[in-house]
Amino acid sequence: MRMQILDGKLTSQAIKDQLAIKTAELKAQGKKVPHLAAILVGNNGASETYVASKVKSCAEIGYNSTLLRFEDTISEKHLLDHINMLNENVDIDGILVQLPLPKHINEELVINTIDPSKDVDGFHPMNVGKMVAGLPAFIPATPFGIMLMLEHYKIDTKGKHAVVIGRSHIVGTPVSILLSRNTNPGNCTVTLCHSHTHNLKELCLQADIIVAAIGRPDFVTGDMVKEGAVVVDVGINRVPDASKKSGFRLVGDVNYAEVAPKCSFITPVPGGVGPMTIAALLKNTYHAAIGQKGNQN
């Protein structure tokens, strides 16, 4: 068995290339091109990097983008007022607020304030509810990106046992729902695990597909994975490394060195799920721009 890398950089570039062609066609027809507005509060280094990547990707494929930056001392009311202005601005198709936010701001309230038809991050309860019901909705970008990657590599998911480790509303729970739906990819039997699951190792050893999204470095080890499994590593963790100029290195939730030799497919960290998240966000924004309120994917 030969292990294959699920390359998020190549896959996301293929999606961005398609979106660039579609955007150029809109422009040529005199139609409106997609416009994404991003809100960044404070000076969190990781958030700065993520937002910069999203703005850069917009420029690459011909989208318009607006970045609103605020100090971390901004009041909750002031932030909500700006979101409402974006909601009312007909030129803005998609709105994202980069998380995390300062502690004095209620993230749930911020998410709920975004117009669901512009909620390209897919976090609004209305979009979450529609996704659960199998209706067109903006799907959270990371789970959507995972599904797009499985589709791109033509991973056979029908009838497979998928184990999802982590139950967050951003990744674990949505991806468990998407994998179980009567779609392609999909039609899995899904076990959703978390930090209190007693027989986690035994469940993982039964899994044809493992999605690790628990936020613990090198959590999934070689003795937890059966031969031929497909492993999707959502984690991105900083661990100390004196040999690096930054003083740290990035690792996933999967011990890559131990697990990769046993896999049929595996995502690297970095360069796996991360780029797919941005590609999915851009795809959501395109659908918002053309008035398609959500994806069927």
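Throughout, numbering of the chain's residues begins at 1 and tracks the sequence.
Residues L26 and P34 have side chains in contact (heavy-atom distance under 4.5 Å, counting atoms from C-beta outward). Side chains of E25 and I21 form a contact here, defined as non-hydrogen atoms less than 4.5 Å apart. With a 4.5 Å cut-off on side-chain heavy atoms, M3 and I5 count as touching. Here the side chains of F144 and L281 are not in contact, with every heavy-atom distance at 4.5 Å or above. By the 4.5 Å heavy-atom criterion applied to side chains, E258 and D218 are not counted as neighbours. Using a 4.5 Å heavy-atom cutoff, the side chains of P116 and K130 are not in contact. You'll find the side chain of K283 stays beyond 4.5 Å of the side chain of K22, heavy atoms only.
R249 meets the salt bridge (Lys or Arg N to Asp or Glu O under 4.0 Å) test with D241; sequence neighbours excluded.
A donor-acceptor contact shorter than 3.5 Å links the side chain of N284 to the backbone of I139. Side chain of S47 to main chain of N43: no donor-acceptor pair is present (N/O by atom type, distance under 3.5 Å, no hydrogens or angles). Although no hydrogens or angles enter the test, the distance criterion places a donor-acceptor pair under 3.5 Å between the side chain of T157 and the main chain of G186. In this structure a side-chain-to-backbone donor-acceptor pair under 3.5 Å is missing from K262 to A229. In this structure, D233 contributes its side chain and V254 its backbone to a donor-acceptor pair below 3.5 Å. Between the side chain of H194 and the main chain of G166, no donor-acceptor pair closer than 3.5 Å is present. In this structure a side-chain-to-backbone donor-acceptor pair under 3.5 Å is missing from S12 to M276. Side-chain atoms of T197 never come within 3.5 Å of backbone atoms of N199 as a donor-acceptor pair (strictly under, hydrogens ignored). A donor-acceptor pair under 3.5 Å links the side-chain atoms of Y153 to the main chain of D7, judged by distance alone. Between the side chain of N87 and the backbone N or O of T113 there is at least one donor-acceptor pair closer than 3.5 Å.
Taken together through direct or relayed side-chain contacts under 4.5 Å among Ile, Leu, Val, Met, Phe, Trp and Tyr, L96 and M131 form parts of separate hydrophobic clusters. Linking ILVMFWY residues whenever their side-chain heavy atoms come closer than 4.5 Å, directly or via other members, leaves L40 and L86 in distinct clusters. Hydrophobic clustering (side-chain heavy atoms under 4.5 Å, transitive across Ile, Leu, Val, Met, Phe, Trp, Tyr) groups I146 together with I15. In terms of hydrophobic clustering, with Ile, Leu, Val, Met, Phe, Trp and Tyr side chains grouped at heavy-atom distances under 4.5 Å, Y63 and V120 are assigned to different clusters. Using a 4.5 Å cut-off between side-chain heavy atoms of Ile, Leu, Val, Met, Phe, Trp and Tyr, with links allowed through other members, F219 and V259 fall into the same hydrophobic cluster.
Atom OG1 of T183 is separated from atom CG of N187 by 6.5 Å, given to the nearest 0.5 angstrom. Note: I61 CD1 to Q18 CD = 11.0 Å, rounded to the nearest 0.5 Å. Note that OG1 of T285 and CG of L36 are 4.5 Å apart. Values are rounded to the nearest 0.5 Å. To the nearest 0.5 Å, atoms CE (M126) and CG (D115) are separated by 9.0 Å. Annotation: the span from S117 atom OG to H124 atom NE2 amounts to 9.5 Å, rounded to 0.5 Å. Rounded to the nearest 0.5 angstrom, N44 CG and D72 CG are separated by 10.0 Å.
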> For N64 and V33, what are the C-alpha separation, side-chain angles and deciding distance, and is it a side-chain contact (heavy atoms from CB on, under 4.5 Å)?
Replying inline: CA-CA 7 Å; N64 293 324; V33 300; 3.3 Å; yes
>> Test side-chain contact (heavy atoms from CB on, under 4.5 Å) on S57 and L282; report intermediate values, then the result.
In response: CA-CA 8 Å; S57 294; L282 295 171; 3.7 Å; yes
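Using a 3.5 Å distance cut-off with no hydrogens or angles, the side chains of E88 and N84 do not pair a donor with an acceptor. Using a 3.5 Å distance cut-off with no hydrogens or angles, the side chains of D253 and N237 do pair a donor with an acceptor.
Around the NZ atom of K9, the shell of radius 6.0 Å holds no more than 12 heavy atoms that belong to other residues, nucleotides or ligands. Heavy-atom neighbours of K226 NZ from other residues, nucleotides or ligands within 6.0 Å: above the threshold of 12. Residue H104 qualifies as enclosed at atom NE2: its count of foreign heavy atoms under 6.0 Å is above 12. The number of heavy atoms from other shown groups lying within 6.0 Å of CD (E202) is above 12. By the neighbour-count criterion of 12 heavy atoms within 6.0 Å, atom CG of N182 is sparsely surrounded, having that number or fewer from other residues, nucleotides or ligands.
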